[in-house]
Amino acid sequence: LVQLVESGGGSVQAGGSLRLSCAASGYTYLTNCLGWFRQLPGKEREGVAAIWTGRDSTYYADSVLGRFTISQDNAKNTLYLQMNSLKPEDTAMYFCAARYAACSAPEWAREAYINYWGQGTQVTVSS
């Protein structure tokens with residue numbers, strides 16, 4: 001019912017910046033919490049940031065607080081993740097995610113509560 005397509009990943013040196021985009025289509029009005037997750041090979045996806053679309057409230061993992069900013073453009077049905085001061089440990093596959101329920105902690109960061117996923121975009125940070 002909802003399709004998510006990420007773009008903007010790539011390779012960057014430590015200290016650099018990248019902006020990820022997620023274009024949403026379909027029944028987007030059904031989703032109330034949009035977010036970004038990341039995953040390393042062999043590990044579970046972890047929540048990076050989320051935004052409660054109706055209130056513009058934002059949530060961040062401690063590891064990215066102050067460096068990453070999540071935002072949305074409702075007119076374009078697009079979600080963004082601005083990533084600054086990137087570190088090698090930020091290297092991962094990044095996924096756009098959406099859920100029907102409103103954002104709440106700690107559920108926003110747990111993959112079990114997500115209803116829709118994008119295909120992922122790779123971010124590589126070199127030292």
Hey, could you give me the [atom1]/[atom2] distance between [X] and [Y], rounded to the nearest 0.5 Å?
X	Y	atom1	atom2	answer
Trp52	Ser104	CH2	OG	8.0 Å
Asn84	Arg67	CG	CZ	9.0 Å
Gln3	Gln119	CD	CD	12.0 Å
Asn115	Leu1	CG	CG	10.0 Å
Glu89	Leu40	CD	CG	10.5 Å
Glu6	Leu81	CD	CG	11.0 Å

**Asked** For Ser7, which residues count as a side-chain hydrogen bond (donor to acceptor under 3.5 Å, both in side chains) partner, sequence neighbours excluded?
**Response**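 Testing Ser7 for side-chain hydrogen bond (donor to acceptor under 3.5 Å, both in side chains), a comparison that skips the adjacent residues, returns none.
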Hydrophobic clusters here meaning ILVMFWY residues chained together by side-chain heavy-atom distances under 4.5 Å, can you tell me if [X] and [Y] are in one?
X	Y	value
Phe37	Trp108	no
Val48	Val123	yes
Met83	Ile70	yes
Leu4	Ile51	no
Trp36	Tyr60	yes

What's the shortest heavy-atom distance between [X] and [Y], and which atoms?
X	Y	result
Ala14	Ser127	CB-CA, 4.3 Å
Thr91	Gln122	CG2-NE2, 4.0 Å
Leu79	Cys96	CD2-SG, 4.0 Å
Leu18	Gly8	CD2-O, 4.0 Å
Ile114	Ala98	CG2-O, 3.5 Å
Ala50	Cys103	CB-SG, 4.1 Å

**Gln82 vs Ser71 side-chain heavy atoms within contact, under 4.5 Å** = no
**Message:** Could you walk me through whether Gln72 and Asn77 satisfy the side-chain hydrogen bond (donor to acceptor under 3.5 Å, both in side chains) test, starting with their C-alpha distance in whole Å, then the side-chain angles of each, then the deciding distance to 0.1 Å, before giving a yes or no?
**Reply:** CA-CA 8 Å; Gln72 58 180 340; Asn77 274 340; over 6 Å; no
**Ring-face cation contact, Trp117 with Arg45, 6.0 Å cut, 45° max** =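 Checked: cation-pi criterion met.
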**Message:** Show, in sequence, the C-alpha distance, side-chain angles and deciding distance for Ser126 and Gln13, and conclude whether the side-chain hydrogen bond (donor to acceptor under 3.5 Å, both in side chains) test is met.
**Reply:** CA-CA 5 Å; Ser126 58; Gln13 289 192 327; 4.9 Å; no
**Prompt:** Judged by atom type as modelled, is there a donor-acceptor pair below 3.5 Å linking the side chain of Thr31 to the main-chain atoms of Arg99?
**Reply:**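 No, because the side chain of Thr31 does not come within donor-acceptor range (under 3.5 Å) of the backbone of Arg99.
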**Prompt:** Under 3.5 Å, side chain of Ser63 to main-chain N/O of Ala61, donor-acceptor pair present?
**Reply:** no
**Request:** With sequence neighbours excluded, tell me which residues meet salt bridge (Lys or Arg N to Asp or Glu O under 4.0 Å) with Glu46.
**Result:**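 Counting only residues at least two positions away or on another chain, Glu46 forms a salt bridge (Lys or Arg N to Asp or Glu O under 4.0 Å) with Arg38.
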**Message:** Test: ring pair (Phe, Tyr, Trp, His ring centres under 6.0 Å). Region: residues 68-98. Which pairs qualify, not counting sequence neighbours?
**Reply:**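 Residue pairs with at least one partner in residues 68-98: there are none.
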**Request:** Verify the neighbour count for atom OH of Tyr100: are there more than 12 heavy atoms of other residues, nucleotides or ligands below 6.0 Å?
**Result:** yes
